[in-house]
**Student:** 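Next up is a structure, given as C-alpha cells.
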Amino acid sequence: MKIKINISSDIITKPIMAESILETGVLLNISQAHFDRSCGEVVADVDEDKFDQMCKSLTSKGAKVTKLNVPIEWDEDECVECSACISVCPTKVFSLDEEYSLLVDKSKCIQCGTCVEMCPHNALSLGNNR
C-alpha cells in the first residue's frame, strides 16, 4: 500500500522515520521524497497489514500519514495522446500500443503528479485519497 508522510518544519530535522522503522520493525520502500526548509513529503510502500502500526508510530512523532489509495485518473475523452506523460513518468505507467494508442497501467503509479503537471489537456488527475 502506498502512503504519503508529511513532516512539518518543526520536526523536519528529527529522524522520525528512522525511529519509527526501528520502533516497529516495519520496513518502508521509499519511492519519492521532497524536502525543503518548510516541510517534507515522502511517498512510500508499506505492507497493508503493517500500516496501522507504522501510522501510529509516525503520527505519535508529529507526522501526518495519508493512504494513497487512488492512483492516476485518465480522462480518455480529453486525452489527445500527445505522449507528454510517457516522457516524464518515472515508473512507466504510460505506453503506446502498436497503433500508437495510449495505454495506462495504474498499478505502476507512485502518484508523484509529474504527468498531471505535463499534460497539456488536463486529461490526467490524481484522485482523492484519505
Side-chain angles (χ1 to χ4, degrees):
M1 142 188 317
K2 292 204 183 308
I3 61 171
K4 179 171 64 172
I5 305 162
N6 291 94
I7 303 167
S8 61
S9 61
D10 56 324
I11 59 171
I12 201 164
T13 59
K14 297 180 181 173
I16 65 167
M17 290 183 53
E19 289 172 350
S20 293
I21 290 168
L22 290 171
E23 177 184 303
T24 63
V26 175
L27 298 178
L28 295 176
N29 182 22
I30 297 172
S31 57
Q32 63 177 321
H34 303 282
F35 288 88
D36 61 30
R37 66 176 172 250
S38 64
C39 66
E41 181 179 281
V42 175
V43 175
D45 288 299
V46 64
D47 288 339
E48 193 163 344
D49 60 333
K50 308 271 178 146
F51 168 76
D52 290 334
Q53 188 180 6
M54 180 55 79
C55 182
K56 181 178 178 184
S57 179
L58 287 166
T59 55
S60 74
K61 294 169 180 39
K64 179 183 174 197
V65 180
T66 307
K67 287 182 184 180
L68 297 178
N69 52 1
V70 181
I72 196 75
E73 293 180 1
W74 174 43
D75 183 344
E76 292 183 60
D77 295 330
E78 191 60 39
C79 181
V80 296
E81 299 183 345
C82 68
S83 303
C85 54
I86 293 173
S87 63
V88 298
C89 181
T91 58
K92 302 188 183 337
V93 169
F94 308 97
S95 61
L96 296 174
D97 66 13
E98 305 82 37
E99 298 174 4
Y100 298 101
S101 295
L102 189 66
L103 301 173
V104 180
D105 183 351
K106 293 180 180 185
S107 69
K108 294 179 179 179
C109 182
I110 60 169
Q111 301 181 34
C112 66
T114 304
C115 61
V116 174
E117 293 173 19
M118 291 302 294
C119 182
H121 283 264
N122 298 316
L124 299 168
S125 63
L126 288 174
N128 294 326
N129 293 291
R130 53 181 178 93

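When a residue number appears, it is its place in the shown sequence, counting from 1.
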**Student:** Is a side-chain donor or acceptor of Gln111 paired with a backbone partner of Ile72 at a separation under 3.5 angstrom?
**Tutor:** no
**Student:** For Cys55, does its backbone N or O pair with a side-chain atom of Asp52 as donor and acceptor, under 3.5 Å?
**Tutor:** no
**Student:** Does any part of the side chain of Ile30, heavy atoms only, come nearer than 4.5 Å to the side chain of Val43, both counted from C-beta?
**Tutor:** no
**Student:** Looking at CD1 of Ile86 and CE of Met118, how far apart are the two atoms once the value is rounded to the nearest 0.5 Å?
**Tutor:** 12.5 Å
**Student:** Are any of the side-chain heavy atoms of Cys79 and His121 separated by less than 4.5 Å?
**Tutor:** no
**Student:** Tell me, please, which residues at least two apart from Glu23 pass salt bridge (Lys or Arg N to Asp or Glu O under 4.0 Å).
**Tutor:** Lys61
**Student:** Would you sort out whether Leu102 and Val104 count as a side chain to side chain contact (heavy atoms under 4.5 Å, CB included), showing the intermediate values?
**Tutor:** CA-CA 7 Å; Leu102 189 66; Val104 180; 4.3 Å; yes
**Student:** Ignoring hydrogens, what is the shortest heavy-atom contact between Cys109 and Lys2? Give both atom names and the distance.
**Tutor:** O-CE, 3.0 Å
**Student:** Are Pro120 and Cys82 side-chain neighbours, meaning at least one heavy-atom pair lies under 4.5 Å?
**Tutor:** yes
**Student:** Are the side chains of Val46 and Val26 in contact, using a 4.5 Å heavy-atom criterion?
**Tutor:** yes
**Student:** Taking C-beta and beyond as the side chain, do Ile16 and Ile7 meet within less than 4.5 Å on heavy atoms?
**Tutor:** yes
**Student:** If you define the side chain from C-beta out and look only at heavy atoms, does anything of Leu28 sit under 4.5 Å from Asp45?
**Tutor:** no
**Student:** Run the side chain to side chain contact (heavy atoms under 4.5 Å, CB included) test against Asp49 and tell me which residues pass, sequence neighbours left out.
**Tutor:** Asp47
**Student:** Could you tabulate the donor-acceptor pairs under 3.5 Å formed by side-chain atoms of residues 87-98, not counting sequence neighbours?
**Tutor:**
from: Ser87; atom 1: OG; to: Ala84; atom 2: O; distance (Å): 2.9
from: Thr91; atom 1: OG1; to: Lys108; atom 2: O; distance (Å): 2.9
from: Asp97; atom 1: OD1; to: Glu99; atom 2: N; distance (Å): 2.9
from: Asp97; atom 1: OD1; to: Tyr100; atom 2: N; distance (Å): 3.1
from: Asp97; atom 1: OD1; to: Ser101; atom 2: N; distance (Å): 2.9

**Student:** Which pair of heavy atoms, one from Ser57 and one from Ser60, lies closest together, and at what distance?
**Tutor:** O-OG, 2.7 Å
**Student:** Does Ile5 reach the side chain of Ile3, with side-chain heavy atoms less than 4.5 Å apart?
**Tutor:** yes
**Student:** Below 4.5 Å, heavy atoms only, C-beta onward: do Met17 and Leu58 meet side chain to side chain?
**Tutor:** yes
**Student:** Shortest non-hydrogen contact from Met54 to Ser20?
**Tutor:** SD-CB, 3.7 Å
